[in-house]
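Read through the structure below, which is laid out as structure tokens, and then see the notes.
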Amino acid sequence: MAEPTQTNRDHTLRVQQLFVEHQQALLRYVLLLEPRMVDAEEIVQESFLVVSKKSHAWVEGTNFYAWACSVVRYQTLSFQRDRGRARRRLTSDVVGLLEACVVQDKDFPAVQSQISALGVCLSRLSSRAFELINLRYHCAKMPSQIASENGWSVNAVRVGLSRARHSLRECLERAEGADG
């Protein structure tokens, strides 16, 4: 195996420095996919090793954060698969929507503001509305599954989810109007 050149070592060091600069944002990204802090931190540590090994794949001048997020996402999925947590993952369409918001490095402050507003709006929901949102989107359960597990009718779950989403949408629009 050939000895790495100084240029390769410098590039790897640059990638590692960028990873450290973005580490907190990457941790927040992992927490969207894997909510346990201790697991998210482990994933970020493993991702640092992978990013270091694959540093040659990142091209200077491209969006490092987006590239690192893709590595982190695969590490998270691998972690969840290995730990038998695949059934607790967010659905791929939800992950895609989150990624569309999160990986835009230049927009990160705006995304942070939206995430903060969402947290505030979620905290304002009634306990039942919050539980429905959590079961549907965090636990990825279908309305029929939520209904059968909680002794509710499927229609009651659908109506509750619709009202909770409406409340969240209104709250987020008010927050956006206050910021804009």
Side-chain angles (χ1 to χ4, degrees), residues 1-123 133-134 137-140 168-169 171-173 175-180:
M1 183 177 216
E3 186 69 25
T5 65
Q6 184 61 39
T7 304
N8 290 343
R9 284 191 292 259
D10 290 345
H11 184 75
T12 299
L13 181 60
R14 174 74 178 131
V15 166
Q16 290 171 335
Q17 288 170 334
L18 286 168
F19 189 94
V20 170
E21 287 173 23
H22 290 86
Q23 188 168 350
Q24 290 303 309
L26 291 166
L27 178 61
R28 285 188 292 270
Y29 175 71
V30 172
L31 285 166
L32 293 172
L33 305 171
E34 181 59 48
R36 291 189 58 214
M37 179 61 87
V38 67
D39 293 337
E41 289 172 338
E42 182 177 334
I43 291 166
V44 170
Q45 289 172 6
E46 288 295 319
S47 297
F48 177 82
L49 298 174
V50 172
V51 162
S52 295
K53 289 178 189 172
K54 296 185 176 204
S55 63
H56 64 277
W58 179 69
V59 178
E60 185 78 39
T62 61
N63 186 333
F64 176 82
Y65 180 70
W67 178 75
C69 277
S70 68
V71 172
V72 165
R73 179 173 185 229
Y74 285 112
Q75 285 301 115
T76 303
L77 295 174
S78 175
F79 176 89
Q80 291 172 331
R81 183 190 63 243
D82 294 347
R83 301 278 171 102
R85 293 189 179 149
R87 68 185 191 292
R88 288 183 26 207
R89 281 200 310 252
L90 295 172
T91 59
S92 59
D93 58 332
V94 173
V95 171
L97 289 171
L98 291 171
E99 282 185 326
C101 292
V102 174
V103 298
Q104 299 300 320
D105 198 29
K106 66 184 183 316
D107 297 331
F108 195 72
V111 171
Q112 280 301 103
S113 173
Q114 291 169 345
I115 290 171
S116 274
L118 179 59
V120 168
C121 291
L122 283 168
S123 72
I133 292 291
N134 186 52
Y137 297 105
H138 182 71
C139 300
L168 284 173
R169 189 171 21 263
C171 181
L172 289 169
E173 287 170 358
E176 187 177 288
D179 290 342

Legend entry - Closest non-hydrogen atom pair, I43 against T76: CG2-OG1, 3.4 Å

Legend entry - Distance in Å, Q75 CD paired with C69 SG, rounded so as to fall on 0.5 Å steps: 13.0 Å

Legend entry - Pairs meeting criterion side chain to side chain donor-acceptor pair (under 3.5 Å) with involvement of residues 41-53, two or more places apart: Q16-S52, E42-R83

Inset, instruction - Hey, could you give me the CD/CG distance between E60 and L18, rounded to the nearest 0.5 Å? - result: 7.0 Å

Legend entry - Check: T7 and H11 side chains under 4.5 Å, non-hydrogen atoms: no

Inset, instruction - Give the minimum heavy-atom separation between V15 and F64, together with the two atoms involved. - result: O-CZ, 3.6 Å

Inset, instruction - Classify the angle between the aromatic ring planes of W67 and W58 as parallel (below 30°), tilted (30 to 60°) or perpendicular (above 60°). - result: tilted

Inset, instruction - Please report the closest heavy-atom contact between V20 and F48, naming both atoms and the distance. - result: CG2-CE1, 4.3 Å

Legend entry - Validation row: L26, Y65 side chains within 4.5 angstrom (heavy atoms): yes

Inset, instruction - Report yes or no: does T12 contribute a side-chain atom to a donor-acceptor pair with the main-chain N or O of N8 at less than 3.5 Å? - result: yes

Legend entry - Spatial distance of atom CG (L77) from atom CG (D82) [nearest 0.5 Å]: 10.5 Å

Legend entry - Value rounded to 0.5 Å, distance of SG in C171 from CG in L122: 8.5 Å

